[in-house]
Amino acid sequence: MIQNRALFSFQPFSQKQKKVLTWWLPDSPVKDCSGIIADGAIRSGKTVSMSLSFVIFAMQNFEYKNFAMCGKTIGSFRRNVLLILKSMLYTIGYQLEEHRADNMIEIKRNSVTNYFYIFGGKDERSQDLIQGLSLASVFFDEVALMPESFVNQATGRCSEKGSKFWFNCNPEGPFHWFKTNWIDKRENNEKGKNLFYLHFTMEDNISLSEEIKKRYQNMYAGVFYLRYILGKWVLADGVIYSMFSEERNTYTNQSRPHDLKTKARRYISCDYGTMNPCVFLDIWDDGETIWIDNEYYYDSRIQKVQKSDNRYGDDFDKFVALENVAPSWVVVDPSAVNFETELKNRHYRVKSADNSVLEGIRLVATMIDKGRIKVNVKCVNWLKEIKGYVWNTKLQEHGKEEPLKMGDHAMDATRYFVKTMIPNRRFAK
């Protein structure tokens with residue numbers, strides 16, 4: 001069924017967004033570029049202008065051709081790009097017929113028809129999905145979150161004369177493959193790729209109010225602030241939670257709010273280990289701040305005795321019994337399937353943790369920076385770990401970012417809880 005619904009009210013475009021919309025036109029000084037890269041801060045207007053320009057370019061230069069529009073996943077592309085893109089296209093007179101089974105949108109205007117396929121590039125296997133398809137151009141949203149093999153496969157399918165590449169992303173580390181192989185090689189020379197490059201900040205999205213800008217600025221801290229707010233390709237180096245302050249982020253039994261445990265909800269977060277340490281954190285959430293009030297930390301290598309799931313379950317019961325309040329939820333390391341079953345058999349409400357590492361670290365860093373994570377000074381292992389929780393610099397040289405896997409068990413348990421149980425609205429306050 002052909003749809004033609006005008007749902008979108010256009011806001012003024014900034015000068016940089018106008019460059020995105022017009023760079024490929026016949027009178028543009030960069031019309032001969034093979035593609036465009038738009039990187040920089042979140043909420044800076046990149047995606048809106050890039051996706052709209054991509055479709056208009058396709059419809060004015062091709063007919064009955066295939067195009068690819070790629071996100072980290074098909075679902076994220078539909079949520080983050082397609083909803084507003086469809087509304088913009090309806091408003092300017094395009095007709096759309098969505099073939100959801102094929103993840104394809106047929107777009108028409110006047111006598112011109114083209115076909116836009118949606119792909120997700122979340123892992124190395126994604127390249128198989130795009131093989132065999134001849135494309136007239138391709139648009140990558142959040143390209144820095146995709147594997148290089150997928151991007152190479154997709155760009156390699158652009159065999160139509162006049163085809164171009166469209167890349168859109170927020171910065172990652174300076175050794176990321178997209179930074180080194182595309183942005184750093186964008187020049188029009190013997191070794192370059194001849195790409196038009198634009199760097200965006202929030203100031204390039206003139207529809208954002210100062211209040212909204214401040215809200216997003218408050219959502220990031222440390223290296224994530226430098227990347228997502230200032231739009232810089234910077235190294236995640238040194239101590240991960242460098243914003244942690246003992247003065248701001250710790251408390252004693254005496255300084256703890258006297259009514260905390262009557263007003264806050266109790267949770268237990270677990271990082272399970274047999275050879276590695278097993279950690280339980282007693283967490284109290286008052287709706288504003290999470291209070292890490294106690295820890296269980298068992299290291300079998302130090303104790304010289306490994307424990308079974310059943311014995312850890314007994315220890316867990318004793319740990320819970322230290323307070324006369326049942327936990328609302330128990331958040332468990334998602335790899336600890338057997339221990340999760342053990343706790344369910346003991347009638348606890350259990351959630352398997354969201355193990356999105358970098359996103360979880362970002363959220364924890366934001367809460368620490370705002371003073372919304374506080375730790376009882378008796379949690380000596382937690383306090384020891386945070387000082388040694390560092391980025392793995394050896395992996396960064398290969399464009400990968402993750403913590404050094406050493407002394408990170410209480411840190412993982414904290415991240416599991418925050419990423420799994422704290423609603424997104426809390427980070428915008």
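Excluded from the calculations below are hydrogen atoms, water molecules and symmetry mates; all remaining heavy atoms, backbone and side chain alike, are included.
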ask   = Is it true that the side chains of Glu385 and Tyr297 contain a donor and an acceptor less than 3.5 Å apart?
value = yes

request  = Using distance alone, with no hydrogens and no angle criterion, decide if Asn392 and Glu402 have a side-chain donor and acceptor under 3.5 Å apart.
outcome  = no

request  = Ignoring hydrogens and angles, state whether a donor on the side chain of His409 or Asn276 is under 3.5 Å from an acceptor on the partner side chain.
outcome  = no

message = Whether the side chain of Arg266 engages the backbone of Ser328 through a donor-acceptor N/O pair (distance < 3.5 Å, no angle test) should be reported.
response = no

message = Under 3.5 Å, is there a donor on one side chain and an acceptor on the other for Trp291 and Asp286?
response = yes

task = Please state whether the rings of Trp23 and Phe57 are parallel, tilted or perpendicular, taking 30° and 60° as the class boundaries.
result = parallel

ask   = Ignoring hydrogens and geometry, is there a side-chain-to-backbone donor-acceptor pair from Ser163 to Ser159 under 3.5 Å?
value = no

ask   = Gln17 and Asp204: side-chain donor and acceptor closer than 3.5 Å?
value = no

task = Could you tell me whether Asp285 and Lys263 make a salt bridge, using a distance below 4.0 angstrom between a side-chain N and a carboxylate O?
result = no

inquiry  = Can you see whether Arg78 engages Asn103 through a side-chain donor-acceptor pair at a distance of less than 3.5 angstrom?
reply    = yes

request  = Ignoring hydrogens and angles, tell me if any N or O in the side chain of Asn114 forms a donor-acceptor pair with the backbone of Lys65 under 3.5 Å.
outcome  = yes

message = Quick one, Lys213 with Glu203, criterion salt bridge (Lys or Arg N to Asp or Glu O under 4.0 Å). Give me CA distance, side-chain angles, the key distance, then yes/no.
response = CA-CA 9 Å; Lys213 290 177 188 176; Glu203 300 305 316; 3.1 Å; yes

inquiry  = Does Arg362 qualify as a cation-pi partner of Phe224, given the criterion of NZ or CZ under 6.0 Å from the six-membered ring centre and within 45 degrees of its axis?
reply    = no

request  = Kindly confirm or rule out a cation-pi arrangement of Lys193 over Trp182, judged by NZ or CZ under 6.0 Å from the six-membered ring centre and within 45° of its axis?
outcome  = yes

request  = Using ring pair (Phe, Tyr, Trp, His ring centres under 6.0 Å) as the criterion, point out the one residue from Phe316, Tyr272, Phe280 that pairs with Tyr296.
outcome  = Phe280

query = Between Arg186 and Tyr197, is NZ or CZ placed under 6.0 angstrom from the six-membered ring centre and within 45° of the ring axis?
reply = yes

task = Validate the cation-pi geometry between Lys351 and Trp329: distance from NZ or CZ to the six-membered ring centre under 6.0 Å, angle to the ring axis within 45°.
result = yes

message = Under the side chain to side chain contact (heavy atoms under 4.5 Å, CB included) test against Cys270, which residue among Val331, Val330, Asp333 passes?
response = Val330

task = On the 0 to 90° scale, with breaks at 30° and 60°, tag the Tyr64-Tyr115 ring pair as parallel, tilted or perpendicular.
result = tilted

message = Can a side-chain donor-acceptor contact be found between Tyr251 and Asp293 if the only test is distance below 3.5 angstrom?
response = yes

key: Worked check of ring-ring contact (aromatic ring centres under 6.0 Å, His included) between Phe67 and Tyr117   = CA-CA 6 Å; Phe67 297 82; Tyr117 289 86; 9.9 Å; no

request  = State whether Glu210 and Lys214 are salt-bridged, where the test is any N-O pair (Lys NZ or Arg NE/NH1/NH2 against Asp/Glu carboxylate O) under 4.0 Å.
outcome  = no

task = Answer yes when Glu106 and Lys108 have at least one side-chain N-carboxylate O distance shorter than 4.0 Å, and no when they do not.
result = yes

message = Classify the ring geometry of Phe116 against Phe54: parallel below 30°, tilted from 30° to 60°, perpendicular beyond 60°.
response = perpendicular

ask   = Taking it one step at a time, do Lys387 and Glu246 satisfy salt bridge (Lys or Arg N to Asp or Glu O under 4.0 Å)?
value = CA-CA 11 Å; Lys387 295 175 182 177; Glu246 291 191 4; 3.2 Å; yes

ask   = Does a side chain donor of either Trp24 or Ser53 reach within less than 3.5 Å of an acceptor in the other side chain?
value = yes

query = Is it true that a side-chain atom of Thr420 and a backbone atom of Asp354 form a donor plus acceptor pair closer than 3.5 Å?
reply = yes

inquiry  = Any donor-acceptor pair under 3.5 Å linking the side-chain atoms of Asp141 with those of Thr47?
reply    = yes

request  = Indicate yes or no: at least one non-hydrogen side-chain atom of Tyr389 is less than 4.5 angstrom from one of Ile361.
outcome  = yes

ask   = Just wondering, do Ser51 and Met88 contact through their side chains at under 4.5 Å, heavy atoms?
value = yes

ask   = Side-chain contact, heavy-atom cut-off 4.5 Å: Arg372 with Glu288?
value = yes

Flag, side chain of Ser34 to backbone of Lys164, donor-acceptor distance under 3.5 Å = no

ask   = More than 12 heavy atoms of other residues, nucleotides or ligands under 6.0 Å from NZ of Lys31: is that the case?
value = yes

query = Does the separation of the ring centres of Phe244 and Trp382 fall below 6.0 angstrom?
reply = yes

Salt-bridge contact Lys179-Glu172 (side-chain N to carboxylate O under 4.0 Å) = no

query = So does Lys261 have more than 12 non-hydrogen atoms from other groups sitting under 6.0 Å from NZ?
reply = yes

key: Any side-chain donor near an acceptor of the partner, Ser44 and Lys46, under 3.5 Å   = yes

key: Check against salt bridge (Lys or Arg N to Asp or Glu O under 4.0 Å), Arg79 and Glu142   = CA-CA 13 Å; Arg79 290 190 304 272; Glu142 299 185 1; over 6 Å; no

